[in-house]
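Structure record follows, encoded as structure tokens.
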Amino acid sequence: MGELAGTKTNLLGLTRSGLESFVVGLGEKPFRARQLMKWMYRRAVGDIDAMSDLGKDFRRRLAEVAEIRTPEVVVAQSSADGTRKWLLRLESGQAIEMVFIPEPGRGTLCISSQVGCAMDCTFCSTAQQGFNRNLDTAEIVGQVWLANRELGYSPDGDRVITNVVFMGMGEPLANYRNVVPAAEVMMDDLGLDLSRRRVTISTSGLVPQMMRIADETNVALAVSLHAPNDELRSELVPINRRHPIADLLEACWHYVEKQNARSVTFEYVMLDGVNDRPAHARELAALLRGRPAKVNLIPFNPFPGTRYRRSTEEAIVKFRDLLIKGGVIATIRRTRGDDIDAACGQLVGRVNDRTTIRLGQKLVALQTVRA
Ligand code: SAH
């Protein structure tokens, strides 16, 4: 929505019911919202004047008070493996990143929910820049809308983006107010029309918000666990001091029950010599055995200044095998896009404090560091 004084309402920030109230406020019938959504999302049209079945008068009045605005692409990069990354500039001048990961039969867009992050996980490069602000709903939906366009979306063609994961910059559940309506637009059949199991919110473990989301919406949940006991987890994921593992798991099982979901995915970053020992695998298996849980092992992606190293391939495979032997479903996440720093935890790692420097310098900084 237009947060800056004098700007028009950004229609990408409104859910279906929000859009209905908005058009009613302009003296129109609620069904106009459906027509509008078809233009915006089915046909990917961003120009209100081109929405030919809306009536000239309504279009004119609408265009006076509303528009469709997305973040702006500053740098677009492609990886040898087909992964793509965009550095985006927000209207406020700050920068975020999003990543598209193509795989056979599906395309996953990884989006950001905040500028920076306050969770302070020790192995994550986004943490280094600290927390700046929450994205609003339009800035979150706008990433998907923009990516569709960048990826050559056509209403008649096959869908390019089939999955959206909130695994870019930020802690999505710390921005509940904007993330939940954004997810709603993504799952609305008149919106981005993604299936409910294909929009995933990943959280470092904000237990109260996890309890709430189980009752209020219907997205898939991933939880960044990273350690099998409180001592180690509190060191890696500081929010664990407030919401320890027992409470976290309770919120997970509550979610599965409420949502009738099959399972929760637990992410576990593999840090050499820190959390990757066989004893850790056994402890983790004991924690999750017999529960609706899957573990996704993420090889650590290093960034400048980090004190951690990625676990060896053998350690990762052994860890997975021990989990499976211990009765827990486990997979290893293939690293994608690491040649363009698009892999997990690498977003906004190359330019220090990218959010506070001006765009021109930002570009220079990015190129200088990469050269
Ligand atoms: N704040 C949310 C979502 C963003 S991070 C969360 O914590 O879940 C998305 C995933 O990438 C998380 O599981 C996170 O722990 C992981 N990650 C962060 N830094 C990483 C790194 N350097 N290497 C590999 N994975 C990392």
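As the structure lists them, so they are numbered: ligands from 1, and atoms in each ligand from 1.
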Could you tell me whether Thr306 approaches ligand 1 through its side chain, its backbone, both or neither, with non-hydrogen atoms closer than 4.0 Å?
neither

Report yes or no: does a heavy atom of His226 sit under 4.0 Å from some atom of ligand 1?
yes

Is the closest side-chain heavy-atom distance between His226 and Asn240 below 4.5 Å?
no

Within-cut-off N or O pair, Glu267 and ligand 1, under 3.5 Å
yes

Quick check on contacts: which atoms of ligand 1 are under 4.0 angstrom from a heavy atom of Val269?
23 (N), 24 (C), 25 (N)

Tell me whether Glu216 at atom CD has more than 12 heavy atoms from other residues, nucleotides or ligands lying less than 6.0 Å away.
yes

Any N or O of Gly170 that comes nearer than 3.5 Å to an N or O of ligand 1?
yes

Indicate yes or no: at least one non-hydrogen side-chain atom of Arg291 is less than 4.5 angstrom from one of Leu249.
no

So, 4.0 Å and heavy atoms of Phe166: is ligand 1 close enough to count as a contact?
yes

Pick one: which of Thr70, Val164, Leu135 meets side-chain contact (heavy atoms from CB on, under 4.5 Å) with Gln143?
Leu135

Numbering the atoms of ligand 1 from 1, which are under 4.0 Å from a heavy atom of Cys124?
18 (C), 19 (N)

Indicate yes or no: at least one non-hydrogen side-chain atom of Pro292 is less than 4.5 angstrom from one of Trp253.
yes

May I ask you to list the atoms of ligand 1 that are less than 4.0 angstrom from any heavy atom of Met167?
4 (C), 5 (S), 9 (C)

Option of least heavy-atom distance to atom 17 (N) of ligand 1 (set: Phe123, Phe303, Phe266):
Phe123

If you count every heavy atom of other residues, nucleotides or ligands that lies below 6.0 Å from Arg334 atom CZ, does the total exceed 12?
no

Non-hydrogen atom of Met119 closer than 4.0 Å to ligand 1
no

Could you give the distance from CD1 (Ile111) to CZ (Phe166), rounded to the nearest 0.5 Å?
4.0 Å

Counting only heavy atoms from other residues, nucleotides and ligands, does the tally under 6.0 Å from CZ of Arg196 exceed 12?
yes

To which of Ala174, Ser202, Pro302, Gly168 does the heavy atom nearest atom 4 (C) of ligand 1 belong?
Gly168

With nothing but distance in play, are any N or O atoms of Ser125 less than 3.5 Å from an N or O of ligand 1?
no

Which of the atoms of ligand 1 are close to Ser204, meaning less than 4.0 Å from one of its heavy atoms?
6 (C), 7 (O), 8 (O)

Using a 6.0 Å cut-off, check whether atom CG of Asp215 has over 12 heavy atoms from anything other than its own residue.
yes

